[in-house]
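This report refers to the structure that appears directly beneath it.
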Amino acid sequence: MLHKHRTAPKLLKGLLALERRLPHHHERYKYITDELHNTRAGYGGELEYDRYMKEVRTDFPHAILHDLSLQHEGVYFQIDSLFISPESIIISEIKNRADKIMITSNPIQFLQVNDKGISQLFRSPIAEVERKVQFLEKWLWKRNIHVPVKGIIVFAYNNQMQIEGKPSMPIYTSYEAPAFFRSLSPEKEILGDRDISRIAKELTNSHREYNPYPLIQFYKIQPQSLKKGVFCTTCTVPTTMLWTSRRWECRVCGKRDSDSHMEAIEEWFMLMPHKLTNQAFCEFTGITDRHTAKRMLARCKLKHQGIGRGSRYEQIP
């Protein structure tokens with residue numbers, strides 16, 4: 001039974017906004033576009049895994065939770081997917097890698113080999129899972145839950161794989177993962193149906209989504225580097241709109257509406273490290289009349305604090 005769905009990571013939405021507002025000639029533009037590509041691809045691979053996991057049907061009670069971010073003693077650890085059975089909890093570490101995958105033993109190495117035969121070493125997902133297994137065990141023990149925790153590696157797509165020796169952890173593709181879970185045959189019942197549901201609920205309630213905002217601080221980008229203005233949501237190429245006759249108007253596609261600045265406000269809270277003030281809003285959006293800006297902000301669902309020059313706006317949690 002699915003207890004927790006996967007949602008798009010905040011980082012993905014923030015990177016889309018940052019890429020749009022960062023000039024192409026900026027020294028970090030290439031790095032940000034690569035980050036966006038990798039984040040989008042990773043999320044796409046996780047959704048591919050989720051799609052196949054819908055096929056899982058078992059004769060024993062179980063719980064599936066996607067995308068968990070937990071904390072233990074001040075340390076955050078993220079789990080791509082979790083499967084709770086009567087005798088164990090299994091962590092799935094999902095990897096989105098193209099090309100051929102080679103896995104060697106003694107020492108354990110993971111290599112991505114492209115169609116030209118060029119190989120690139122990447123960090124061992126086995127070591128990543130082992131770390132998460134330890135943290136999850138401690139998280140469970142603190143709550144007096146004693147059940148074995150295991151891990152598997154899942155490659156999101158149907159990669160060609162060459163495995164030398166026997167890896168210390170099972171490795172599958174998303175297509176093969178459902179068959180692995182269906183083939184489980186719990187020999188003893190450590191957790192009953194109610195226990196599984198209770199643990200799944202506690203895990204879901206303990207989830208705290210990773211928040212990388214503000215992104216320009218995270219990526220060490222100066223605020224003045226960003227493009228200013230309100231962007232048209234219809235044009236595929238970022239185009240700034242003009243505020244005229246009490247509405248926003250796109251000079252390229254002709255779109256008109258009165259609420260396009262709402263997205264700019266959302267982007268502010270994703271990107272900028274400073275408090276949102278009337279003046280900051282004017283500078284960020286290109287509004288020249290502070291009274292117009294004040295009315296716009298007053299109509300937004302924001303928390304207003306202070307008066308006069310100390311007036312500022314915050315997002316409502």
Only distances under 3.5 Å count here; give the side-chain donor-acceptor pairs of residues 280-289 to other protein atoms, sequence neighbours excluded, each with its distance to 0.1 Å.
unit_1	atom_1	unit_2	atom_2	d
Glu283	OE2	Gln279	NE2	3.2
Thr285	OG1	Phe281	O	2.7
Thr285	OG1	Ile287	N	3.4
Asp289	OD1	His291	N	3.0
Asp289	OD2	Thr292	OG1	3.2

Problem - Glu202 vs Trp139 side-chain heavy atoms within contact, under 4.5 Å - result: yes

Exercise for the section: Measure the spacing between CZ of Arg6 and CG of Leu65 and express it to the nearest 0.5 Å. Expected result: 10.5 Å

Handout entry: Neighbour count above 12 (heavy atom, 6.0 Å) for Met1 CE
Key = no

Handout entry: Exam field: side chain Asp34 to backbone Tyr31, donor-acceptor pair closer than 3.5 Å
Key = no

Handout entry: Check ion pair Lys13-Glu266 (N to O, under 4.0 angstrom)
Key = yes

Fill in the blank from the handout: CD1 of Ile265 to CG of Leu297, rounded to nearest 0.5 Å, is 5.0 Å

Problem - Salt-bridge contact Glu48-Arg51 (side-chain N to carboxylate O under 4.0 Å) - result: yes

For residues 241-249, please give each side-chain donor-acceptor pair under 3.5 Å, one per line with the distance, not counting sequence neighbours.
unit_1	atom_1	unit_2	atom_2	d
Trp248	NE1	His261	ND1	3.1

Problem - Smallest separation among heavy atoms of Lys10 and Pro212, with atom names - result: CB-CD, 4.1 Å

Practice task
Give a yes or no on whether Asp59 atom CG has more than 12 heavy-atom contacts from other residues, nucleotides or ligands under 6.0 Å away.
Solution key: no

Completion exercise
Closest heavy-atom pair, Glu87 versus Pro148, reported as atoms and distance to 0.1 Å, is O-CD, 3.4 Å

Problem - Test item: Arg21 side-chain N/O and Gly229 main-chain N/O as donor-acceptor pair under 3.5 Å - result: yes

Handout entry: Phe135 atom CZ, neighbour heavy-atom count above 12 within 6.0 Å
Key = yes

Practice task
Apply side chain to side chain donor-acceptor pair (under 3.5 Å) to His5 and list each qualifying residue two or more places apart in sequence or on a separate chain.
Solution key: none

Handout entry: Arg194 CZ to Lys201 NZ distance, which is reported to the nearest 0.5 Å
Key = 13.0 Å

Problem - Lys138, NZ atom: more than 12 neighbouring heavy atoms under 6.0 Å - result: no

Problem - Where Asp259 and Asp257 come nearest, the two heavy atoms and their spacing - result: N-OD1, 3.1 Å

Practice task
Mind jotting down which residue pairs meet the ring pair (Phe, Tyr, Trp, His ring centres under 6.0 Å) criterion with at least one end in residues 188-234? Sequence neighbours excluded, please.
Solution key: none

Exercise for the section: Please tell me if the side chains of Met161 and Ile171 come closer than 4.5 Å, counting only heavy atoms from C-beta onward. Expected result: yes

Problem - side chain to side chain donor-acceptor pair (under 3.5 Å) partners of Thr240, counting only residues at least two apart - result: Arg251

Exercise for the section: Examine distances only and state if a side-chain atom of Arg131 and a backbone atom of Ala127 form a donor-acceptor pair shorter than 3.5 Å. Expected result: no

Practice task
Kindly determine whether Asp67 and Glu46 satisfy side chain to side chain contact (heavy atoms under 4.5 Å, CB included), including the steps that lead there.
Solution key: CA-CA 9 Å; Asp67 184 28; Glu46 291 166 356; 5.9 Å; no

Practice task
Verify the cluster assignment for Leu47 and Leu12: are they in a single hydrophobic cluster under the rule of side-chain heavy atoms below 4.5 Å apart?
Solution key: yes

Handout entry: Heavy-atom check, side chain of Leu203 versus side chain of Ile84, under 4.5 Å
Key = yes

Practice task
Could you list who else is in Val237's hydrophobic cluster, with ILVMFWY side chains joined at under 4.5 Å, directly or through other members?
Solution key: none

Problem - Close side-chain approach of Pro125 and Phe110, heavy atoms under 4.5 Å - result: yes

Handout entry: Same cluster (ILVMFWY, side-chain, under 4.5 Å), Ile103 and Met169
Key = yes

Practice task
Using the rule that two of Ile, Leu, Val, Met, Phe, Trp, Tyr join whenever any of their side-chain heavy atoms come within less than 4.5 Å, decide whether Phe122 and Ile163 are in one cluster.
Solution key: yes

Fill in the blank from the handout: So CD of Gln78 and CD of Glu209: to nearest 0.5 Å the spacing works out to 10.5 Å

Handout entry: Heavy atoms from other residues, nucleotides or ligands near CZ of Arg290 exceed 12 (cutoff 6.0 Å)
Key = no

Practice task
Evaluate the side-chain proximity of Leu215 to Ile32: yes if any heavy-atom separation is below 4.5 Å, no if none is.
Solution key: no

Exercise for the section: Flag yes if Leu121 and Met102 sit in one hydrophobic cluster, no otherwise; membership is Ile, Leu, Val, Met, Phe, Trp, Tyr, and two members link when side-chain heavy atoms are under 4.5 Å apart. Expected result: yes

Practice task
Report, as yes or no, whether the 6.0 Å neighbourhood of atom NZ on Lys227 holds more than 12 heavy atoms from other residues, nucleotides or ligands.
Solution key: yes

Practice task
Given side chain to side chain donor-acceptor pair (under 3.5 Å), test Ser81 with His66 step by step and report yes or no.
Solution key: CA-CA 4 Å; Ser81 190; His66 298 311; 2.9 Å; yes

Handout entry: ILVMFWY cluster membership beyond Leu184 - transitive side-chain contacts under 4.5 angstrom
Key = Leu2, Tyr49, Met53, Val56, Phe60, Ile64, Phe83, Ile90, Ile94, Ile152, Val154, Tyr172, Phe180, Phe181

Handout entry: Side-chain heavy-atom pair Gln224, Leu226 within 4.5 angstrom cut-off
Key = no

Handout entry: Thr58 to Arg182 - nearest heavy-atom pair and separation
Key = CG2-CA, 4.4 Å

Handout entry: Euclidean distance, Leu16 CG relative to Glu267 CD, rounded to 0.5 Å
Key = 9.5 Å

Exercise for the section: Specify the closest pair of heavy atoms between Pro223 and Ile216, including all atoms of both residues, with the distance to one decimal. Expected result: CG-CD1, 3.6 Å

Practice task
Applying side chain to side chain donor-acceptor pair (under 3.5 Å), name anything that partners Gln305, two or more places apart in sequence or on another chain.
Solution key: Arg312

Fill in the blank from the handout: Cluster membership besides Ile307, Ile/Leu/Val/Met/Phe/Trp/Tyr side chains within less than 4.5 angstrom, sorted by chain and number, is none

Handout entry: Sidechain N-carboxylate O distance under 4.0 Å for Lys54, Asp50
Key = no

Practice task
Output yes when a side-chain donor or acceptor of Thr39 lies under 3.5 Å from a complementary backbone atom of Leu36, and no otherwise.
Solution key: no

Exercise for the section: Could I get the full list of salt bridge (Lys or Arg N to Asp or Glu O under 4.0 Å) partners for Glu35, not counting sequence neighbours? Expected result: none

Practice task
Compare all side-chain heavy atoms of Ile108 with those of Ser168 and state whether any distance is below 4.5 angstrom.
Solution key: yes

Handout entry: Student check: side-chain heavy atoms of Cys232 and Ser260 closer than 4.5 Å
Key = no

Practice task
Check the surroundings of atom NE2 in His304: do more than 12 heavy atoms from other residues, nucleotides or ligands lie under 6.0 Å from it?
Solution key: yes

Completion exercise
Joining Ile, Leu, Val, Met, Phe, Trp and Tyr whenever any side-chain heavy atoms lie under 4.5 Å apart, the cluster holding Tyr157 also takes in none

Handout entry: Hydrophobic cluster identity match, Ile145 and Leu70, side-chain contacts under 4.5 Å
Key = yes

Problem - Separation of Ile91 CD1 from Lys150 NZ (nearest 0.5 Å) - result: 12.5 Å

Problem - Other residues, nucleotides, ligands: >12 heavy atoms within 6.0 Å of Lys4 NZ - result: yes

Problem - Side-chain (Asn96) to main-chain (Ala41) donor-acceptor, under 3.5 angstrom - result: yes

Completion exercise
Taken in chain and number order and not counting sequence neighbours, the residues that satisfy ring pair (Phe, Tyr, Trp, His ring centres under 6.0 Å) with Tyr29 are His24

Practice task
Could you pull out the closest heavy-atom pair between Pro61 and Pro86, with the gap in Å?
Solution key: O-CD, 3.4 Å

